[in-house]
Amino acid sequence: MIKLIASDIDGTLVQDGDNTLNPEFYDEILRLRAKGIQFAVATGRQWHSIEQVFDPIKEKIFYISDNGAYVGCYGRNLFLTTIDRSTILEMIKEVRSYEGLDLMLSGPDVVYLETKNQEFVDWLVDSYRFQVKQVPDLMKVEDQFIKISIYRKHRVEENTVTIRKAYQDKLKITISGDMWVDCMAKGVSKGAAIQQIQESLGILPEETMAFGDQLNDMEMLERSYYSYAIGNARPEVKKAARFQADTNINYGVLKVLKLL
C-alpha cells in the first residue's frame, strides 16, 4: 500500500515559475489523505512559495523546500541543514568574478540578492512569490544559510562547469532546469529529505511514490519504488525512473493520482 507521495513543482506539476495549480490537485490530495496517504511537495523553491501554490491545503502537506535543506509543515520547521559560512563567502567571491551570473543566497525564511537586475528580482517576487530582501553586499548578511543558487537566464549548466568542479567536494551541487544551479550542504537532497519523513512516519520506500523531471529529483526517485518521470523530463530522469507519466502540460501527475 502506498503511504507517501512526493512531487516536484516546476516542470512537473506546473510550468516553470507558474503558481497556478489545477484545482483538481487539491481535491485529489485531500482524498488521498482521507485514505491515510501523506503528500509532500519537494522543490528548489523556498517554503513561502510552496504555501502560495498549495494555499487551499497548505495545512495538509509536508514542505520540502530548497532541495531538501528545509523540511517542515505549515507553521513549523522540522529539519534544517545549514551551510558553513566560510564556504558561502568563498563562493560569493568566486561567482562574482563571472559575467552574466546572478547569486541568490537563501536563509530559512528569506532569500537575499545583491543584483542590480531588477527584472530578475521582480520575476522571483511576482512569479515564484519569494520573500526577497535586496542588500548591497551578500557577504555582510547575518543569517543562517541553507542554499546558494547561481542563476543565468539560459544555459546555466554549460556556463558554470568550472565553478561546479571547484566546489563539488564541499557542497551538494545540482542542476535545477536551464536557469539554476543549486548548492546545499553535503548530504542534502530531496531524497535525503524524503528519507527523513519516511523514517519519522515508519514508511518504507516500497510504500512511496514520487514524481520529478530534473536532476535534482533523482535522489527522491531513488527513495521511492513507484518512481515516475514526467513526459517532459530530462533523459537521465526517465532512465532512472521505473515508470513514466504524461507531461506536466497534460497533467501527468494528476492522472496517476486519480488512478489511486
Side-chain angles (χ1 to χ4, degrees), residues 6-19 40-50 52-53 63-71 81 83 88 91 95 98 100-107 111-113 115 120 123-124 127-130 132 145-161 163-165 167-168 170-194 210-223 227-230 232-241 247-248 253:
S7 180
D8 172 51
I9 297 179
D10 293 291
T12 301
L13 297 181
V14 301
Q15 296 186 57
D16 287 353
D18 189 359
N19 277 336
V41 181
T43 176
R45 299 185 183 203
Q46 67 175 185
W47 68 264
H48 287 287
S49 186
I50 293 175
Q52 291 289 329
V53 178
Y63 302 177
I64 299 175
S65 72
D66 297 281
N67 287 319
Y70 180 108
V71 182
T81 308
I83 304 172
I88 289 284
M91 193 169 192
V95 176
Y98 288 78
L101 300 180
D102 278 306
L103 271 173
M104 183 175 75
L105 190 56
S106 298
V111 297
Y112 299 93
L113 301 168
T115 182
F120 172 50
W123 176 64
L124 289 174
S127 295
Y128 286 98
R129 300 294 194 269
F130 275 22
V132 173
F145 303 123
I146 59 175
K147 186 179 71 173
I148 183 167
S149 301
I150 304 170
Y151 169 82
R152 193 176 192 277
K153 195 167 184 178
H154 300 291
R155 302 187 302 277
V156 71
E157 184 173 0
E158 63 191 71
N159 285 277
T160 55
V161 174
I163 297 173
R164 288 186 284 116
K165 284 183 178 179
Y167 287 90
Q168 63 185 359
K170 296 182 180 181
L171 296 165
K172 166 64 177 180
I173 301 176
T174 188
I175 305 297
S176 302
D178 189 47
M179 298 178 287
W180 296 100
V181 171
D182 289 333
C183 309
M184 294 76 61
K186 276 290 188 180
V188 169
S189 70
K190 293 182 182 181
I194 290 295
F211 299 88
D213 72 311
Q214 287 291 335
L215 297 180
N216 62 336
D217 297 317
M218 296 282 274
E219 291 93 344
M220 177 173 68
L221 298 180
E222 290 170 2
R223 287 294 307 175
S227 55
Y228 279 84
I230 301 304
N232 50 282
R234 287 179 61 133
E236 303 97 316
V237 180
K238 290 181 178 179
K239 184 177 180 181
T247 63
N248 59 337
V253 175

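Taking the six-membered ring for Trp and thresholds of 30 and 60 degrees, Trp180 and Tyr151 have ring planes inclined between 30 and 60 degrees apart.
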Run the numbers on Ile230 and Lys238 for side chain to side chain contact (heavy atoms under 4.5 Å, CB included), then give the verdict. CA-CA 8 Å; Ile230 301 304; Lys238 290 181 178 179; over 6 Å; no
Between Leu105 and Val111, does the side chain to side chain contact (heavy atoms under 4.5 Å, CB included) criterion hold? Intermediate values first, please. CA-CA 6 Å; Leu105 190 56; Val111 297; over 6 Å; no
Does the side chain to side chain contact (heavy atoms under 4.5 Å, CB included) test come out yes or no for Leu13 and Asp8, once each step is laid out? CA-CA 7 Å; Leu13 297 181; Asp8 172 51; over 6 Å; no
Any chance you could lay out the side chain to side chain contact (heavy atoms under 4.5 Å, CB included) test for Ile64 and Val41, step after step, and finish with the verdict? CA-CA 6 Å; Ile64 299 175; Val41 181; over 6 Å; no
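Remark: Glu219 pairs with Lys172 by the side chain to side chain donor-acceptor pair (under 3.5 Å) rule, at least two apart or across chains. For the side chain to side chain donor-acceptor pair (under 3.5 Å) test, no residue two or more places apart in sequence or in another chain qualifies with Asp178. Considering only residues two or more places apart in sequence or on other chains, Arg234 meets the side chain to side chain donor-acceptor pair (under 3.5 Å) condition with Glu157, Glu236.
Pairing each heavy atom of Ser227 with each of Ala240, the nearest pair is OG-O, 4.4 Å. Across Gly187 and Ala192, no two heavy atoms sit closer than the pair O-CB, 3.4 Å. Considering every non-hydrogen atom in both Ala241 and Ala229, the closest pair reads CB-N, 3.5 Å. Heavy atoms only, all atoms of each residue included: Leu215 and Val237 are closest at N-CG2, 4.2 Å. Listed here is the closest heavy atom pair of Val188 and Ala69: CG1-N, 3.5 Å. Between Gly212 and Leu221, the shortest heavy-atom distance links the atoms N-CD2, 4.1 Å.
Taking 4.5 Å as the limit, some side-chain heavy atom of Met91 sits within range of a side-chain heavy atom of Ile150. Val181 is listed as a side-chain neighbour of Ile173, based on a closest heavy-atom distance under 4.5 Å. Looking at heavy atoms from C-beta onward, Asn67 lies in side-chain contact with Ser176 at the 4.5 angstrom threshold. For the pair Met184 and Leu171, the minimum side-chain heavy-atom distance is 4.5 Å or more. Here the side chains of Asn19 and Val14 are not in contact, with every heavy-atom distance at 4.5 Å or above. With a 4.5 Å cut-off on side-chain heavy atoms, Ile50 and Thr43 count as touching. Residues Met104 and Tyr112 fail the side-chain proximity criterion, which asks for heavy atoms closer than 4.5 Å.
The CZ atom of Phe145 lies 9.5 Å from the CD1 atom of Ile83; values are rounded to the nearest 0.5 Å. Note that CE of Met220 is 4.0 Å distant from CG of Asp217, once rounded to the nearest 0.5 Å. For the atom pair CE (Met179) and CZ (Phe120), the distance works out to 9.5 Å, reported to the nearest 0.5 Å. Atom CG in Asn216 sits 9.5 Å away from atom CG in Asp10 (nearest 0.5 Å). How far OG of Ser106 is from CD of Gln46: 7.0 Å, rounded to the nearest 0.5 Å.
A donor-acceptor contact shorter than 3.5 Å links the side chain of Ser49 to the backbone of Tyr128. Between the side chain of Thr160 and the backbone N or O of Ile163 there is no donor-acceptor pair closer than 3.5 Å. No donor-acceptor pair under 3.5 Å is formed between the side chain of Lys190 and the backbone N or O of Ser65. A distance-only check finds no donor-acceptor pair linking the side chain of Asn159 to the backbone of Val156 [under 3.5 Å].
Put simply, the residue from Asp213, Asn248, Thr247 that forms a side-chain hydrogen bond (donor to acceptor under 3.5 Å, both in side chains) with Thr12 is Asp213.
Ion pairing of Arg45 with Asp66 is absent here, as no side-chain N (NZ or NE/NH1/NH2) approaches a carboxylate O to less than 4.0 Å.
Ser149 and Asp182 are linked by a side-chain donor-acceptor pair at a separation below 3.5 angstrom, with hydrogens and angles left out of the test.
Atom NZ of Lys153 sits in a sparse spot, with 12 or fewer heavy atoms from other residues, nucleotides or ligands closer than 6.0 Å.
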